[in-house]
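So the structure is just underneath, and the comments pick up after that.
In each ligand, atom 1 is the first atom listed, and ligand 1 is the first ligand listed. Numbering of residues begins at 1 and proceeds along the displayed sequence.
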Amino acid sequence: MSAVRQNGVIVAIDGPSGAGKSSLTKLLARRLGYIHIDTGAMFRAVALMSRRAGIASDDDAGLAELCRELEITFVRDGETCRVLANGEDVSTEIRSEEIGLLTSAISARKPVREALLTMQRAMGAKGGVILEGRDIGTVVFPDAEVKFFLSASAEERGRRRYLELAARGDAATLEETIAKVIQRDRQDEGREHAPLRQAEDALPIDSTNLSIDEVLTVMENTVRERLVQGAKG
Ligand SMILES: Nc1ncnc2c1ncn2[C@@H]1O[C@H](COP(=O)(O)OP(=O)(O)OP(=O)(O)O)[C@@H](O)[C@H]1O
Ligand SMILES: Nc1ccn([C@@H]2O[C@H](COP(=O)(O)O)[C@@H](O)[C@H]2O)c(=O)n1
């Protein structure tokens with residue numbers, strides 16, 4: 001356990017698309033009174049702004065300039081958290097599957113990763129935060145006191161995403177959605193910079209056959225045990 005941080009511990013939740021990271025991070029943050037940092041939303045915001053600016057996903061100079069000018073903030077709105085890019089609420093626009101796939105390409109670029117790494121470390125350094133993403137426990141906060149690697153079968157994650165898209169009126173088929181989940185997995189796992197992988201000291205949780213509440217119970221108990229251990233010194 002590292003030295004006690006000002007506002008509590010740092011919790012890292014990594015894992016592939018559709019594993020349940022955002023759902024669990026939101027619920028766990030509420031249970032613990034911690035801040036929820038959705039790092040995926042930050043990469044999505046960069047992707048959206050790069051598309052609007054006509055910057056190619058491999059234009060590192062253009063992406064570096066964009067990130068230098070971009071301020072990403074999270075604003076609580078009741079039970080939800082809004083994502084602002086230079087003050088504009090982009091919470092809905094960044095959630096499309098199109099932006100999701102573009103984000104996977106953008107997030108492979110070193111200048112984007114370096115810029116968002118600085119922002120994420122600044123957001124979480126004092127603790128009392130839960131960050132969800134792909135590289136939190138391996139790159140952003142390798143000294144995080146608690147790390148989870150949340151996964152599920154590609155079929156189950158695709159099914160979950162399919163239900164989510166259908167509820168939004170998206171006509172994608174289940175087969176198409178599973179294929180896109182697998183495509184994003186491959187891109188996130190296969191990239192050179194900060195690939196998606198389980199940290200050696202992360203607790204793996206396979207949620208394929210677990211409910212959200214069952215996963216939440218495991219996570220909350222684990223964090224509280226670590227908090228007690230930390231308090232004992
Ligand atoms: N254990 C679970 N059982 C059933 N449904 C789940 C479970 N976990 C999450 N879900 C549902 O799956 C969908 C995707 O969950 P969520 O957005 O939290 O995943 P994610 O890992 O953050 O995905 P991404 O990285 O693509 O944003 C949501 O509709 C959520 O309610
Ligand atoms: N720490 C992270 C978080 C996300 N990414 C990339 O962003 C894409 C979208 O993330 P979601 O969690 O919102 O689905 C994701 O597929 C990754 O390509 C990342 O690289 N690092």
Side-chain angles (χ1 to χ4, degrees), residues 12-29 36-48 50 57 72 80-81 83 90-91 93-110 112-117 119-121 123-124 130-141 144 147-168 170 177-178 180-197 199 205-219:
I13 302 181
D14 290 310
S17 175
K21 298 183 301 299
S22 293
S23 304
L24 271 301
T25 304
K26 213 171 289 179
L27 292 168
L28 187 59
H36 170 191
I37 299 174
D38 181 350
T39 63
M42 299 172 75
F43 285 94
R44 287 171 178 266
V46 172
L48 174 65
S50 72
S57 59
I72 300 170
T80 62
C81 191
V83 186
V90 294
S91 308
E93 211 171 337
I94 63 172
R95 291 296 165 197
S96 71
E97 274 307 292
E98 179 208 357
I99 291 295
L101 283 176
L102 176 60
T103 304
S104 210
I106 291 280
S107 63
R109 311 309 298 184
K110 191 174 180 181
V112 175
R113 301 217 69 88
E114 287 176 341
L116 292 191
L117 176 61
M119 293 183 205
Q120 290 156 11
R121 283 179 173 165
M123 288 173 167
I130 309 177
L131 298 98
E132 55 151 305
R134 302 301 189 280
D135 63 336
I136 310 303
T138 52
V139 176
V140 183
F141 284 112
K147 299 178 186 180
F148 298 105
F149 192 85
L150 183 56
S151 66
S153 69
E155 292 72 21
E156 171 62 8
R157 290 182 289 121
R159 184 189 69 84
R160 294 171 184 175
R161 181 64 77 221
Y162 166 74
L163 293 175
E164 221 179 10
L165 291 171
R168 296 206 302 244
D170 189 304
T177 308
I178 292 174
K180 283 186 178 176
V181 161
I182 292 170
Q183 180 186 358
R184 280 221 283 158
D185 291 350
R186 288 205 181 114
Q187 287 179 211
D188 292 345
E189 291 164 352
R191 66 187 179 214
E192 178 188 357
H193 304 295
L196 167 64
R197 64 177 181 81
I205 301 176
D206 182 338
S207 70
T208 305
N209 300 303
L210 295 176
S211 70
I212 289 177
D213 282 345
E214 287 171 323
V215 176
L216 179 61
T217 299
V218 171
M219 289 186 165

Any side-chain heavy-atom pair of P195 and D188 under 4.5 Å: no
Check whether any side-chain heavy atom of F148 lies under 4.5 Å from a side-chain heavy atom of K21, and answer yes or no. no
Go through ligand 1 atom by atom and flag the ones less than 4.0 Å from a non-hydrogen atom of P16. 21 (O)
Counting heavy atoms under 4.0 Å, the part of K21 that contacts ligand 1 is both
Using a strict 4.0 Å threshold on nitrogen-to-oxygen distance, state whether D38 and R95 make a salt bridge. yes
Given that the side chain starts at C-beta and the backbone is N, CA, C, O, which of these parts of L210 lies under 4.0 Å from ligand 1, counting heavy atoms, or is it both or neither? backbone
Ignoring angles and geometry beyond distance, decide whether E156 reaches within less than 3.5 Å of ligand 1 through its nitrogen or oxygen atoms. no
Quick check: does any side chain N or O of D14 sit under 3.5 Å from a backbone N or O of I136, one acting as donor and the other as acceptor? yes
In ligand 1, the atoms that come under 4.0 Å of a heavy atom of G20 are 8 (N), 9 (C), 15 (O), 16 (P), 18 (O), 19 (O), 20 (P), 21 (O)
R121 (side chain) donor-acceptor with V140 (main chain) under 3.5 angstrom: yes
Atoms of ligand 1, numbered as shown, that sit under 4.0 Å from any heavy atom of S211: 1 (N)
Does the distance from a Lys or Arg side-chain N to an Asp or Glu carboxylate O, for E156 and R160, drop under 4.0 Å? yes
Heavy atoms of other groups near R186 CZ, more than 12 under 6.0 Å: no
Any donor-acceptor N/O pair, R157 side chain to A152 backbone, under 3.5 Å: yes
Any N/O pair V215/ligand 1 closer than 3.5 Å: no
Looking at ligand 1, is there an atom of it that comes within less than 4.0 Å of some heavy atom belonging to G15? no
Among non-hydrogen protein atoms, atom 28 (C) of ligand 1 lies closest to E164 OE2, 3.6 Å
Please confirm whether A19 approaches ligand 1 to less than 4.0 Å, judged on its heavy atoms. yes
Can you list the ligand 1 atoms lying under 4.0 Å from a non-hydrogen atom of S22? 18 (O), 20 (P), 22 (O)
Nitrogen or oxygen atoms of G18 and ligand 1 under 3.5 Å apart: yes
Per-ligand residue contacts, ligand 2, heavy-atom threshold under 4.0 Å: T39, G40, F43, R44, R95, T103, S104, S107, R113, G133, R134, D135, R184, D188, R191
N/O to N/O below 3.5 Å, does that happen between S23 and ligand 1? yes
Nearest 0.5 Å, what's the OG1-CD1 distance between T25 and I13? 3.5 Å
Distance only, no hydrogens: is a donor on one side chain within 3.5 Å (strictly under) of an acceptor on the other, for R134 and S107? no
Only heavy atoms of R184, strictly under 4.0 Å: list the atoms of ligand 1 that pass. 26 (O)
Do E132 and H36 pair up side chain to side chain, a donor and an acceptor below 3.5 Å, judged on atom types alone? yes
Residues S17 and D185: side-chain donor-acceptor under 3.5 angstrom: no
Atom 4 (C) of ligand 1 - nearest protein heavy atom and its distance: R160 NE, 3.7 Å
Would you please say whether a donor-acceptor pair under 3.5 Å links the side chains of D213 and S211? no
Just let me know how R161 lines up against ligand 1, side chain, backbone, both or neither, with a heavy-atom cut-off below 4.0 Å. side chain
R134: numbered ligand 1 atoms lying under 4.0 Å from its heavy atoms: 25 (O)
Is the shortest heavy-atom distance from the side chain of V181 to the side chain of I178 under 4.5 Å? no
